[in-house]
Amino acid sequence: MADPTDEESDARALDALSAERRKKRDVLIGHGIDPYPLRFDRTATAAELHQRHDGLEPDVRTGEVVTMAGRLTSVRGHGKLSFATLADMTGSVQLLMQASTTTEEAKTVLANVDLGDWVGAKGEAITSRRGELSVDVTDLWLLSKALRPLPDKWHGLTATDTRYRQREIDLLANADSRHVFDTRFKAVAALRRQMMIEDFIEVDTPILQPQAGGALARPFMTHSNALDIDLSLRIAPELYLKRLVVGGYERVFEIARNFRNEGIDTRHSPEFTALEAYRAFGDVNDGMDLTERLVVEAARSATGRLTFTVGDRTIDLTPPWPRRELLDWLEEVVGRRLHPSDPVEDVRSVCKEHDVDFLPEWGSGKLIFELYDTVLLPMALDPVFVVGFPVEVSPLARQTPDDAMMAARFELAIDAKEFANGYSELNIPEEQQERFLGEAEAAARGDLEAHPADRAFIRALEYGLPPTSGIGIGVDRLVMLLTEVEAIRDVILFPMMRPEAAS
RNA sequence: GCGCCUCUAGCUCAACGGCAGAGCAACGGACUCUUAAUCCGCAGGUUCCGGGUUCAAAUCCCGGGGGGCGCACCA
């Protein structure tokens, strides 16, 4: 279907189903029942009830009267006896409704509820003859009517675009999907908790920026009417966070939504979440230590495990993770020691040998980075810190003390993807200025990912940025690993989609 | 942006040139221990859209749209 929620197709195809539900709502109104009560007091959740009473023998009455609330996901009518499943945020519990012991009002409600309705139910917690924990309902209230039918209760919802466009019904129909997001929120909470433990301050920096910076990427553009200026959506919080370190926040982090106007595929979303953290007095090695602690803690806390299977790959996060010098590893694999100072023709020939495409304006450093990206990265399954990247592709990182063409920078590779990135931050204003000018020239030449020099950032550096370790962790990719899914859209609640057709 | 695949009832799927079907959900009915409840009955369609080929199109062809995957760019 071109558009499952199109108004006309609704009017046509959903009319019969929806009309039935509206009719029942009218019947209840006719009985003086408000189908949209303002509030409801519940005394127990499904999880609490199970925690208190699981393991009882069949046919036991606990004597505890509870009031539950949730969505009705299944009804099994049995004449004067009905069973139903009530699902709330914590799980589900069975309702047992006997005509002989329910109120008249409850009978009226029961006769006019549909799958998907929100209901409240009061009764004694008991076990059924089969031994299932149930609420022996005396009172039943409608809390809100579902006018649209739910997806198939057994098969759930599989249509991918409907799952992304109408995440709400994906969540209520597919337990797998709920589990993915439960895991996501636990992982993010764990990251935040760990940062707090390590004395980092959480901050919020601008998403609307006069000038995108902190990464090489194409920004989304927008416009301020009040100021009559064009603005970019942030591509990385990096520059603002380092300005906060200048300001005295020695340990800062942000769990930041970044926006990049680039390709969309299973690994890339136009908006994605990264944790960026900056720590005064640290260097690239402290960054790796911190990254390892964060990822391991998120995995343990959100899943209780350290090994994950994605597709046919098994990934083991057990620390410590190996740290390999990029140039050493590359030498091992391509059989030649490369260096950014090598003549560009030499590095190009290695690229050709390994089917690595390149552009004529790329220097040896960029070519080495491309070799890493296309030859080494796919080999990294279990976590590996790759250390030492060409300065040419690291405009915000310090040079290493013994090699001015190499930056004190690492990338964390897991499952053939870049998971994290970090370095000893470049804090020498003149050098940063020079690197910016190089980028500005590239921008002037038409490089859409390059940006003009950020003068406000240089000015900040001139007030003094202490030695600083910075890291960035791709939160969506981390969650993909922890939930063992292959598509980034599966871990984003409402992934960017083409708008639904107008009619 | 290019290539491949896909779109059928509210949902999950059949039919693959010959009357558009099933399960779930819905609707009417039976049933006091079900849990994908069961049983009887009944209803539900612009087969994504537009054009073409054909006696006949959900099916084949062309164009368009949505979605997925792969490649390229990017994290």
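Everything numeric here is computed off the predicted structure, so don't read it as measured data. The chains referred to below are lettered A, B, ... by the order of the sequence lines, with proteins before strands, and numbering in each begins at 1.
- Counting to the nearest Å, the P atom of G10(B) and the CZ atom of R165(A) are 18 Å from each other.
- Taking the P atom of each, G41(B) and U46(B) are spaced 27 Å apart, rounded to whole Å.
- With C1' as the reference atom, G64(B) and C27(B) are 39 Å apart, rounded to whole Å.
- Ionic pairing of R163(A) and D490(A) is present here: one or more N-O contacts between side-chain nitrogen and carboxylate oxygen are shorter than 4.0 angstrom.
- Distance noted for atom P between G66(B) and C55(B): 35 Å (whole Å).
- When rounded to the nearest whole Å, the span between NZ of K23(A) and P of G28(B) equals 6 Å.
- Not counting sequence neighbours, Y423(A) has no partner by the ring-ring contact (aromatic ring centres under 6.0 Å, His included) test.
- Nucleic acid contact for E418(A): sugar-phosphate only, since backbone atoms but no base atoms lie under 4.0 Å from a heavy atom of the residue.
- Taking atom C1' on both nucleotides, A26(B) is separated from G1(B) by 45 Å, rounded to a whole Å.
- In the model, Y372(A) has no side-chain atom that pairs as donor or acceptor with a side-chain atom of E370(A) under 3.5 Å.
- A salt bridge links R61(A) to E124(A): one of the charged nitrogens lies within less than 4.0 Å of a carboxylate oxygen.
- The closest side-chain donor-acceptor pair between R409(A) and S394(A) falls under 3.5 angstrom.
- No hydrogens or angles considered: a donor-acceptor pair under 3.5 Å links the side chains of Q94(A) and S134(A).
- Environment of CD in E57(A): sparse, with no more than 12 heavy atoms of neighbouring residues, nucleotides or ligands closer than 6.0 Å.
- Of the residues in residues 117-129 of chain A, those placing a heavy atom less than 4.0 Å from an atom of RNA chain B are S128(A), R129(A), in numerical order.
- Among the heavy atoms of the strands lying under 4.0 Å from A159(A) are primed sugar atoms or P, OP1, OP2 only; no base atom is included.
- Atoms CG (N261(A)) and P (A75(B)) sit 14 Å apart, rounded to a whole Å.
- Taking 4.0 angstrom as the limit, R498(A) places a side-chain polar atom (N or O) nearer than this to OP1 or OP2 of G66(B).
- Rounded to an integer number of Å, the gap from K417(A) NZ to A75(B) C1' is 11 Å.
- Here F272(A) lies in heavy-atom contact (under 4.0 Å) with a base.
- The stretch residues 369-386 of chain A has no heavy atom under 4.0 angstrom from RNA chain B at all.
- Looking at R71(A) and D88(A), no side-chain N of the basic residue comes within less than 4.0 Å of a carboxylate O on the acidic one, giving no salt bridge.
- Ring to ring, F410(A) and F389(A) are not that close: their centroids are 6.0 angstrom or more apart.
- With salt bridges taken as basic N to acidic carboxylate O contacts below 4.0 Å, none links E418(A) and R267(A).
- At a threshold of 4.0 angstrom between heavy atoms, the contacts of S269(A) include nucleobase atoms, whether or not backbone atoms are also involved.
- Ion pairing between R323(A) and D289(A) holds under the 4.0 Å rule for side-chain N and carboxylate O.
- Among the nucleotides C13(B), C33(B), U35(B), the one closest to the side chain of T158(A) is C13(B).
- The nucleotide whose nearest atom lies closest to any side-chain atom of F83(A) is, among U32(B), G67(B), C33(B), C33(B).
- The side chain of T266(A) lies closest to C69(B) when the candidates are C69(B), C33(B), A75(B).
- Here the nucleotide nearest the side chain of E132(A), chosen from G67(B), C33(B), U35(B), is U35(B).
- Partners of K24(A) according to the salt bridge (charged side-chain N to carboxylate O under 4.0 Å, His left out) rule, which considers only residues two or more places apart in sequence or in another chain, are D114(A).
- RNA chain B forms stems at B:1-7 with B:65-71, B:10-13 with B:21-24, B:27-30 with B:38-41, B:48-52 with B:60-64, each a run of 3 or more consecutive Watson-Crick or G-U wobble pairs whose two key distances fall under 3.5 Å.
- Using a 4.0 Å cut-off, no side-chain N or O of T162(A) falls inside it from OP1 or OP2 of G67(B).
- For the side-chain contact (heavy atoms from CB on, under 4.5 Å) with F369(A), the lone residue among L326(A), T374(A), V393(A) that qualifies is V393(A).
- Rounded to an integer number of Å, the gap from CD of E449(A) to C1' of A75(B) is 11 Å.
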Detail all sub-3.5 Å separations between protein N/O atoms and N/O atoms belonging to nucleotides 24-26 of chain B.
unit_1	atom_1	unit_2	atom_2	d
C24(B)	O2	D152(A)	OD2	3.4
A25(B)	OP1	K153(A)	NZ	3.0

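- Atom C1' of nucleotide C33(B) and atom NZ of K80(A) are separated by 16 Å, given to the nearest angstrom.
- A salt bridge between E271(A) and R234(A) is absent, with no side-chain N of the basic residue lying under 4.0 Å from a carboxylate O of the acidic one.
- With respect to the salt-bridge test (charged N to carboxylate O, under 4.0 angstrom), the residues D26(A) and K23(A) do not qualify.
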